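Shown next, in structure tokens, is the structure this report addresses.
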Amino acid sequence: VYILTNSSTTADTAKVDIAKLDSKNITKITLKTKSSELNIIKNGSKWESDSAKGINLSQTSINSLLANFSSMQADKVVANNLNDINQYGLETPFATAAVTMGDGSVKEFYLGYKSQDGTYYYLMLKGVNKVYTVASTIGDVFSYTVNNLIDASIPTIDSQNVIYLKFTHKGQKPVEFKINDNKSQNYTNNVMSWIMTSPYSMMYGVNDQNLGNTINAAISIKIDGVA
């Protein structure tokens, strides 16, 4: 039995290594576009952003970002000299990425035009006289902001364990509610599970169902991004 294979197809689909870095030794990544800049820095075992201090970053998202730059691969090499990089949008790159290693060395990547069909970008690595094409999923990472990396999870709250609720409004007195510990006491002629303790001098009973809906909405809040 003889099996014939198309060797040209295999060659065409083979990836080209652009950079091989040890992701554990990466200490900083800076992403810049004309409209944004993102700096993430490794502090011990934790990654932080200087534009969102105190905000937890998703380790899954960080790992994906590190993998993107530690094992950068191209679909192909389109130029072996830098005589006319303007045709690739690399004279003034659309975006840049600087990856700093533990020894202080820096790898700089330059991102150029995106293809008309949106499937790839042109890319250069500083110090290498080649122009590559990389998948659009790789190039899109260059435009990341902190909102692409934040940990959007918040602690789970059981509505049955909520005993106090406070709403604050700018320029107004806060509105406060608490569990009615003394259900034998009537407020406005009704026995309520919840009472309003502020902003009025008297305590008032409230509609338990309506307040319950408010509590459920409050504890279901999800983080969309950092303003």
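Residue numbers start at 1 and run along the sequence shown. For clarity, every value in this text was computed on a predicted model and none was experimentally measured.
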Exercise. Would you give the length of the straight line joining atom NZ of Lys166 to atom OG1 of Thr197, rounded to the nearest 0.5 angstrom?
Key: 9.5 Å
Can I get a per-line list of side-chain donor-acceptor pairs under 3.5 Å for residues 133-142, giving both atom names and the distance, sequence neighbours left out?
{"residue": "Ser136", "atom": "OG", "partner": "Gly118", "partner atom": "O", "Å": "3.4"}
{"residue": "Asp140", "atom": "OD1", "partner": "Tyr121", "partner atom": "OH", "Å": "2.8"}

Quiz prompt | Distance, nearest 0.5 Å, that separates CD1 of Ile215 from CG of Leu165 | solution = 5.5 Å
Practice problem: Would you indicate whether the side-chain heavy atoms of Val78 and Tyr122 approach each other to under 4.5 Å? | Solution: yes
Self-check item: Heavy-atom pair with the smallest gap, counting every atom of Met124 and Lys130
Solution: CG-O, 3.6 Å
Quiz item: Of the non-hydrogen atoms in Ser23 and Leu66, which two are nearest, and what is the gap between them?
Solution: CB-CB, 4.2 Å
Quiz item: Heavy-atom distance under 4.5 Å between the side chains of Ile29 and Leu65, does that happen here?
Solution: yes
Quiz item: Between the side chain of Asn148 and the main-chain N/O of Tyr144, is any donor-acceptor distance below 3.5 Å?
Solution: no
Practice problem: Begin from the C-alpha positions of Asp208 and Ser193 and carry the test side chain to side chain donor-acceptor pair (under 3.5 Å) through to its verdict. | Solution: CA-CA 6 Å; Asp208 291 342; Ser193 298; 3.2 Å; yes
Quiz prompt | Pair Phe177 + Tyr164: ring centers closer than 6.0 Å | solution = no
Quiz item: With a 4.5 Å limit on heavy-atom distance, are the side chains of Thr30 and Thr100 in contact?
Solution: no
Quiz prompt | Euclidean distance, Met101 CE relative to Ile26 CD1, rounded to 0.5 Å | solution = 5.0 Å
Exercise. Tell me, please, which residues at least two apart from Glu108 pass salt bridge (Lys or Arg N to Asp or Glu O under 4.0 Å).
Key: Lys126
Quiz prompt | Side chain to side chain, Asp84 and Asn86, heavy atoms closer than 4.5 Å | solution = yes
Quiz item: Are Leu125 and Leu21 linked, directly or through other ILVMFWY residues, by side chains that come within less than 4.5 angstrom of each other?
Solution: yes
Quiz item: OH of Tyr110 to CG of Leu90: how many Å apart, nearest 0.5 Å?
Solution: 10.0 Å
Self-check item: Derivation of the side-chain contact (heavy atoms from CB on, under 4.5 Å) call for Ile40 and Asp50
Solution: CA-CA 7 Å; Ile40 60 167; Asp50 61 358; over 6 Å; no
Exercise. Answer with yes or no whether the hydrophobic clustering places Phe109 together with Val131; edges join I, L, V, M, F, W, Y residues whose side-chain heavy atoms lie under 4.5 Å apart.
Key: no
Self-check item: Ser49 and Leu38: CA distance, side-chain angles, deciding distance, side-chain contact (heavy atoms from CB on, under 4.5 Å) verdict
Solution: CA-CA 7 Å; Ser49 169; Leu38 171 67; 3.9 Å; yes
Exercise. Could you check Asn213 against Gln209 for side chain to side chain donor-acceptor pair (under 3.5 Å), going step by step and ending with a plain yes or no?
Key: CA-CA 6 Å; Asn213 292 337; Gln209 182 175 352; 5.4 Å; no
Quiz item: Does Ile85 share a hydrophobic cluster with Val128, counting links as ILVMFWY side-chain heavy atoms below 4.5 Å and allowing steps through other members?
Solution: no
Self-check item: Hydrophobic cluster membership, Leu123 vs Tyr120, 4.5 Å side-chain cutoff
Solution: no
Practice problem: Check the hydrophobic clustering (I, L, V, M, F, W, Y; side-chain heavy atoms under 4.5 Å; chains of links allowed) and say if Leu82 and Val16 are grouped together. | Solution: no
